[in-house]
Amino acid sequence: MNGSALATLWASIPSPPVNQWQVGPLTFRAYGLLIGIGMIVAVLITRKRYQARGGDPELVYDVALWAIPFGIVGARVYHMITSPQGYASGAGFLETFKIWHGGMAIMGGISLGVVGGWIALRRHGARVAPFVDSVAPALLVAQAIGRLGNWFNQELFGGPTTLPWGLEIAPHRVPAGYPVDTLFHPTFLYEGLWNLSMAALIVILDRRIKFKGGQLIWMYVAAYGVGRFIVENIRIDVAKVFFGLRLNAWMALLIIAIGIIGFLIAGKRQAATNVQCHEMEEDNVE
């Protein structure tokens, strides 16, 4: 197949024709299913990595029971704060609780999810650093999977493009002012590929470099912030703008700064990132 034939074959990325399926009285939405799959994959990855660090793999399930509900609440609250339209009163207030309709912000989800996870770890008397270093790449993989929900919903895409991987959008979902056959940047794909590449990078570096406890999770924070900043400057959905940047772009810059500072502080603390190493240190002290 020559180059022109290949270009003709792959001229764009089609959007899924449906984003939900009816099975009897139940409705399964792609958005929610993908988030659920992402959570399951993150738990399995974290379980394996935490066990390799000398931790009890069963603890991962207990932490997930705290972190996931906290994360769902955080994701919904952050979305409502940054996009309050439609939630004020009446039917809009009831929409607050219908998370299966979408409206989840990953920044809020991770923030409050961390709080839930911290509570669980404190309840079990487990050290935080080995656990969060185990979960760091797992979060990026989960976020990459969850971003596919935007593809099914045909939402949060970027500006128009003539690139061969331009995203097709159904005519009724094309933003006002654009021809119905316009192709858009598939930001779900950009962010997903970025997250997967950063997850792989963290795993590779973790095998080759002896990091201090907590540095990997801060590496995740900074890496996610960089990817999100890039994507926010491509997206064209309605957003609050301050001094020429979207609100979430400013938040991404803040996240990058926090990640870098946290990484440096964690390096100075000299804490172990391995549960067994910590136990050996305690034995030596005694």
Side-chain angles (χ1 to χ4, degrees), residues 37-64 67-68 71 106-107 109-111 113-118 120-122 124 126-147 190-230 252 255-284:
I37 292 172
M39 290 176 179
I40 293 172
V41 171
V43 168
L44 294 177
I45 294 174
T46 303
R47 190 178 187 278
K48 182 177 181 179
R49 287 175 53 80
Y50 190 57
Q51 185 175 23
R53 278 176 155 72
D56 178 8
E58 299 304 313
L59 176 61
V60 177
Y61 297 123
D62 294 332
V63 174
I68 291 176
I106 188 62
M107 291 184 179
I110 295 297
S111 299
V114 167
V115 174
W118 180 83
L121 290 171
R122 299 303 296 175
H124 285 272
R127 294 177 61 241
V128 174
F131 191 93
V132 295
D133 284 344
S134 300
V135 80
L139 290 174
L140 287 165
V141 174
Q143 289 169 222
I145 295 173
R147 275 300 172 202
Y190 297 162
E191 188 169 345
L193 292 176
W194 172 267
N195 288 345
L196 291 177
S197 63
M198 290 300 100
L201 179 62
I202 289 176
V203 170
I204 293 172
L205 292 178
D206 188 27
R207 292 174 178 173
R208 299 183 178 182
I209 301 174
K210 188 175 182 180
F211 289 101
K212 302 304 178 183
Q215 284 194 301
L216 292 183
I217 193 65
W218 292 118
M219 188 184 302
Y220 150 76
V221 171
Y224 172 68
V226 171
R228 186 59 184 268
F229 179 78
I230 294 172
I255 288 172
I256 295 170
I258 291 174
I260 294 173
I261 294 171
F263 182 87
L264 296 175
I265 293 176
K268 291 183 178 180
R269 291 183 60 192
Q270 300 290 309
T273 188
N274 190 298
V275 174
Q276 291 179 335
C277 287
H278 179 66
E279 292 172 350
M280 292 171 61
E281 291 170 0
E282 290 182 337
D283 291 340
N284 291 335

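What's counted below: heavy atoms across the whole structure, side chains too, no hydrogens, waters or symmetry copies. This is a predicted model, so every value here is computed, not measured. Here, residue 1 is the first one in the sequence, and each next residue gets the next number.
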**Report entry** Worked verdict on I110 versus Y220 for side chain to side chain contact (heavy atoms under 4.5 Å, CB included)
**Finding:** CA-CA 11 Å; I110 295 297; Y220 150 76; 3.6 Å; yes

Which pair of heavy atoms, one from [X] and one from [Y], lies closest together, and at what distance?
| X | Y | answer |
| --- | --- | --- |
| Q215 | G267 | NE2-CA, 3.4 Å |
| A266 | K212 | O-CB, 3.6 Å |
| A252 | G225 | CB-O, 3.5 Å |
| R49 | S134 | NE-O, 2.8 Å |
| P137 | A199 | O-CB, 3.6 Å |
| G214 | A129 | N-CB, 3.7 Å |

Atom [atom1] in [X], atom [atom2] in [Y]: separation rounded to 0.5 Å?
| X | Y | atom1 | atom2 | result |
| --- | --- | --- | --- | --- |
| R147 | L196 | CZ | CG | 13.0 Å |
| K268 | Q270 | NZ | CD | 11.0 Å |
| I202 | I217 | CD1 | CD1 | 7.5 Å |
| F229 | I256 | CZ | CD1 | 7.0 Å |
| D206 | L216 | CG | CG | 4.5 Å |
| R53 | F131 | CZ | CZ | 11.5 Å |

Report yes if the side chains of [X] and [Y] come closer than 4.5 Å at any heavy-atom pair, otherwise no.
| X | Y | answer |
| --- | --- | --- |
| F263 | V221 | no |
| D133 | N274 | no |
| Y190 | I230 | no |
| Y224 | E191 | yes |

Query raised in the report: Sub-3.5 Å donor-acceptor pair from the side chain of R228 to the main-chain atoms of I255, do we have one?
Result: no

Requested in this report: Only counting residues at least two apart or in another chain, list the ones meeting side-chain contact (heavy atoms from CB on, under 4.5 Å) with A42.
Outcome: A138, A142

Query raised in the report: Under the side-chain contact (heavy atoms from CB on, under 4.5 Å) test, which residues partner L205, sequence neighbours left out?
Result: L201, I209, F211, M219

Query - side chain to side chain donor-acceptor pair (under 3.5 Å) pairs, two or more places apart, involving residues 192-205 - result: none

Report task. Check the pair L59, L121 against side chain to side chain contact (heavy atoms under 4.5 Å, CB included), reporting the backbone distance first and the verdict last. Result -> CA-CA 8 Å; L59 176 61; L121 290 171; 4.0 Å; yes

